[in-house]
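Here is the structure we will look at, set down as structure tokens.
Note: hydrogens, waters and symmetry copies are ignored here, and every other heavy atom, side chains too, is used. Not measured: the values here are computed from a predicted model. Start at 1 and go down the list; that is how both ligands and their atoms are numbered.
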Amino acid sequence: MRILALNGPNLNLLGRREPGIYGQVRLDDIMARVAKRGRELGVEVDHLQSNEEGVLVTKIGQALGRYDGLLLNPAAYTHTSVALRDALLACQLPAVEVHLSNTQAREEFRHTSLTAGACVGVVAGFGEMSYVLALEGLVDQLRRKGAASSLGKGAKKRSRR
Ligand code: DQA
């Protein structure tokens with residue numbers, strides 16, 4: 001199983017960016033922790049951070065057929081990007097939206113997510129653990145779906161006999 005983790009604008013600055021909100025951990029360290037948890041779960045996790053909306057849109061568009069699911073922290077684009085939402089809907093891979101902070105407990109403009117409605121779930125407010133929890137939830141969901149669809153195939157085969 002392969003997961004693509006995408007991080008949006010300014011997340012490359014984690015560690016020195018508003019540490020009272022985002023903590024002192026760096027993005028590389030978070031992604032190393034996610035990759036390690038992925039290995040424990042038997043899952044490969046690739047990672048890309050970009051400050052550019054178009055790069056993230058293109059990566060999502062290319063993910064179908066290469067990955068089984070997406071972890072996405074769209075950062076500020078969460079609250080503004082119709083393009084990211086449309087990319088998620090077009091690519092049709094299960095995606096989990098991740099936030100370090102609890103966006104619902106912050107400024108009102110952060111209460112709206114344009115991307116969450118195109119995701120299977122959202123994890124927010126647990127700092128770096130949000131990423132680990134999101135990975136666990138996504139893998140669990142993908143495995144359940146995989147098991148259900150192979151059961152379905154078995155049932156179809158049986159009914160053809
Ligand atoms: C964030 C929350 C967003 O509102 C903000 O613009 C970010 C980070 C988070 O992880 O808490 O850049 O996505």
Could you pull out the N/O contacts under 3.5 angstrom between ligand 1 and the surrounding protein atoms?
unit_1, atom_1, unit_2, atom_2, d
ligand 1, 4 (O), H79, NE2, 2.7
ligand 1, 4 (O), R110, NH1, 2.9
ligand 1, 6 (O), A76, N, 3.2
ligand 1, 6 (O), R110, NH1, 3.0
ligand 1, 10 (O), N73, ND2, 2.9
ligand 1, 10 (O), L100, N, 2.8
ligand 1, 11 (O), L100, N, 3.3
ligand 1, 11 (O), S101, N, 2.9
ligand 1, 11 (O), S101, OG, 2.6
ligand 1, 12 (O), R17, NH1, 3.1
ligand 1, 12 (O), R17, NH2, 2.9
ligand 1, 13 (O), N73, OD1, 2.9
ligand 1, 13 (O), H99, ND1, 2.8

Checklist entry - Where do L93 and Y67 come nearest, in terms of heavy atoms and distance? => result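 Closest pair (atom of L93, atom of Y67, distance): CD2-O, 3.4 Å.
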Next on the checklist: Which label fits H99 and H79: parallel for a plane angle under 30°, tilted from 30 to 60°, or perpendicular past 60°?
Outcome noted: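 The arrangement is parallel - the two ring planes meet at less than 30°.
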Checklist entry - Between K145, R144, R143, which is the residue that forms a side chain to side chain contact (heavy atoms under 4.5 Å, CB included) with Q141? => result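 One option only clears the test, and that one is K145.
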Checklist entry - Among V98, L6, N7, which residue meets the side chain to side chain contact (heavy atoms under 4.5 Å, CB included) test with L72? => result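 For L72, the side chain to side chain contact (heavy atoms under 4.5 Å, CB included) test succeeds with only one of V98, L6, N7, which is L6.
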Checklist entry - Between the side chains of T78 and E97, does any donor sit under 3.5 Å from an acceptor? => result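 No, E97 and T78 have no side-chain donor paired with an acceptor closer than 3.5 Å.
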Next on the checklist: Take a 6.0 Å sphere around CD of E108 and say whether it holds more than 12 heavy atoms from other residues, nucleotides or ligands.
Outcome noted: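 Atom CD in E108 is not packed in, count stays at 12 or less.
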